[in-house]
Amino acid sequence: MIQRSMRRYSMPLLSVTVKTATLKVFLILLFTLPTVSQDQARQVENEATESALTDTENAPRQTSDAEKSVEALSSVLESIETNQKRIEELTGDLAKAPEVEKENINNEIRALTEVREDLQSDFETIATGIDTDEYDESTEESFVLGDELDSILEPIIAELKDLTEKPREIEALRSDLASWRKRLVTTETALINLSSIPSTTAGELQNNLAETRQKWTERKNQAENRIQAITYQLEQAERNRPSFITTISESFRGFFRSRGRNFLLCLFVFFLTFFLFRFLHQRLDRLSPWRRKGQRPFYIRLIDVGLNVFSFIGAVVASLIVLYATGDWVLMGLAIIILFGVILAAKNSLPKFYDHARILLNLGEVREGERVILNGLPWRIERLSFYSILKNDQLRGGIIRLPVKVLGDCISRPISEEGEMWFPCNEGDWVDLPDEGRGRIIAQTPEYVQMVKLGGAKITIPTIDFLSKAPKNLSQNFRIKSTFGIDYKHQADCTDKIPETLWAYITKGIYTIIDDRESLLSLKVEFSSAGASSLDYEIIADFGGEHAPRYEMLLRALQRLAVECSNENGWEIPFTQITLHNAYPEDKKPEVPEPAPRPKLP
């Protein structure tokens, strides 16, 4: 059964040129989104008409293309005549055919009628260079649904289809050409099989074979004509297809000429409106008396949150008004779809938005003006906003700005009226660490602490690790302990006279080392213990923080002064002695006499 063929085939030279020029204008909008407004559509149509007329006047007259066009028209016309003749024959046979065969004949006539209409449309398309469907569609309504969403999506989908119109047209022609070539092979095979049937004398059989042979001959001719017409149209389509670079450049040029201008204007109005509202919000906030007081009541916080939200909503509304004023329904439709998607996505985030709103209104677990621990460091919440400000005055660069979602898992507490420690030391303080020893802090930031030791060696430690080492701050006040022992022969004076003498001598010696006597806060010499080989004393000295750089020197001075005092008073300083006692004495071995020396030889 003859199948329905596809439309749009070859065209004459001048018509092809007109269509090519028209396509150039539409290629300008290759990467843009759907249609423009009515005024812009009229402008594009006028430009397309002028471009088509210009290209028509300047198009070269190529004889070979004109001949191919005439051949294509002749092939289509021949197919129409063959089809019409076959319809007339079937109509004549319909009156004589029995009732059983009439249904089949009617189906074949209807199929041939549809093919004839398609061929007539192809003939007009090739002759005029205009697709007749474009004329018919101009008086029809593409969308009859009352759904507003379909009305928004209609131009977007139509434009997306136009983006691939040319490749799809070429691919459809290739597919149609392959189909007709397959039909041609089928008809040739059928005619070969018919020619292999021997001639018979039976008149009725001979007539049926002749009719069948004629029918398949007509199908073969029709297939050949269709192949010729489709081949011509495919060559024209591939010849008129612009290069990829040309398509890209023309598309960008067209985008910035029409829709791109609207898009940039929309972005400009969006950011202008947003930052304008933000600027006015900040000015009002700075001029408000609550900022100077440092405490904001609830309704002020509510207004603050409302203004932040209104800045974004106002910018969106302003950009939509711009798209409405320019008549760019494509970009406006896309903007509405994006907003709709954002609203749907935000539906699942409502619990988070609720928690964030509680924090912004100072009703959550984290509140303004309180103390919070973040990443192991204490911070004072200076201001709660979409980007909250946290502050630690004892750290260099101790101001951080965090989004409100980071504070969602934190818990703050009120700051004690007696004062709080925000960091164990300040820059310039001397500290003592278990592994690194003593050094002066030269920098402390939220990320690292740097200290320099005597001699100039610098040590950099992450702030969290620094705090975990429990540093000892020597710049406030510090204590030095030193142990000193004397011999047991002085046991009679070890608890009263010797400690007093030792205290007086060390105190006098320390005063000669330090400039300010007040910086020696305390000095004690106490009997500590009776050791294995000495009587031990504990020397305890408390100094002011200004002497922290001399910590090691003062420690050595205590030992030196204790030794000098012992020398002056004749106290003996013992050393550790070990005496071994054998519980099982061994028997003495008999002495072996040494052999007498031999006389030396002369």
Side-chain angles (χ1 to χ4, degrees), residues 1-12 15 66-133 136 173 176-197 199-200 202-234:
M1 186 177 182
I2 300 177
Q3 299 179 357
R4 183 180 181 181
S5 62
M6 297 184 63
R7 301 181 180 179
R8 300 179 184 174
Y9 294 96
S10 57
M11 61 189 71
S15 302
E67 292 176 355
K68 290 183 179 180
S69 177
V70 173
E71 290 177 0
L73 289 172
S74 301
S75 299
V76 176
L77 183 60
E78 182 180 352
S79 298
I80 293 174
E81 293 174 353
T82 302
N83 185 279
Q84 182 64 29
K85 186 184 298 184
R86 180 61 181 165
I87 292 176
E88 292 175 356
E89 292 177 358
L90 291 175
T91 303
D93 295 340
L94 182 63
K96 303 176 184 180
E99 294 295 332
V100 179
E101 298 180 359
K102 282 186 178 181
E103 184 177 356
N104 295 332
I105 295 175
N106 286 328
N107 292 335
E108 188 173 357
I109 290 175
R110 282 194 295 269
L112 291 173
T113 303
E114 293 179 358
V115 173
R116 183 185 61 186
E117 293 176 356
D118 292 341
L119 291 172
Q120 185 64 35
S121 177
D122 294 340
F123 184 85
E124 294 179 5
T125 300
I126 296 174
T128 61
I130 299 175
D131 190 357
T132 56
D133 292 340
D136 296 335
L173 290 175
D176 199 15
L177 180 61
S179 176
W180 280 107
R181 285 176 177 173
K182 184 177 180 180
R183 293 180 183 180
L184 179 61
V185 173
T186 303
T187 56
E188 291 176 349
T189 303
L191 291 174
I192 292 174
N193 294 333
L194 287 172
S195 63
S196 64
I197 299 175
S199 302
T200 61
E204 185 177 357
L205 179 59
Q206 187 67 26
N207 292 335
N208 289 335
L209 290 175
E211 290 179 0
T212 303
R213 186 178 293 106
Q214 181 181 1
K215 175 181 177 180
W216 283 97
T217 302
E218 292 175 356
R219 290 180 177 179
K220 178 183 178 183
N221 295 336
Q222 184 180 16
E224 291 176 346
N225 294 334
R226 299 297 291 170
I227 290 173
Q228 184 178 3
I230 294 174
T231 302
Y232 173 76
Q233 186 175 3
L234 183 60

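No experiment lies behind these values; they were computed from the predicted model shown.
- Checking side-chain atoms of N225 against main-chain N and O of N221 turns up a donor-acceptor pair under 3.5 Å.
- With rounding to the nearest 0.5 angstrom, the CD atom of E188 is 11.0 Å from the OG1 atom of T217.
- Counting only heavy atoms from C-beta outward, the side chains of R116 and I87 approach each other to under 4.5 Å.
- Minimum heavy-atom separation, L90 to L112: CD1-CD1, 3.4 Å.
- Scanning for salt bridge (Lys or Arg N to Asp or Glu O under 4.0 Å) contacts around E78 gives an empty result, with sequence neighbours left out.
- At least one side-chain heavy atom of E224 sits under 4.5 Å from a side-chain heavy atom of K220.
- Contact of the E211 side chain with the K215 side chain is not registered, since no non-hydrogen atoms from C-beta on lie closer than 4.5 Å.
- Contacts of R86 classified as salt bridge (Lys or Arg N to Asp or Glu O under 4.0 Å), with partners at least two apart in sequence or in another chain: E89, E108.
- Contacts of L77 classified as side chain to side chain contact (heavy atoms under 4.5 Å, CB included), with partners at least two apart in sequence or in another chain: E81, F123.
- In this structure, OG1 in T231 is found 11.0 Å from CZ in R226, a value given to the nearest 0.5 Å.
- T186 OG1 to R183 CZ: the interatomic distance, rounded to the nearest 0.5 Å, is 9.0 Å.
- S79 contributes atom OG, which lies 12.0 Å from atom CD of Q120 (distance to the nearest 0.5 angstrom).
- What you find for L177 and I230 is that their closest heavy atoms are CB-CG2, 3.8 Å.
- Residue W216 holds its CH2 atom at 9.5 Å from OG1 of T189, rounded to the nearest 0.5 Å.
- Separation of atoms CG (N83) and OG1 (T113) is listed at 7.5 Å; rounding is to 0.5 Å.
- Put simply, the side chain of W180 does not reach to within 4.5 Å of the side chain of L184, judged on heavy atoms.
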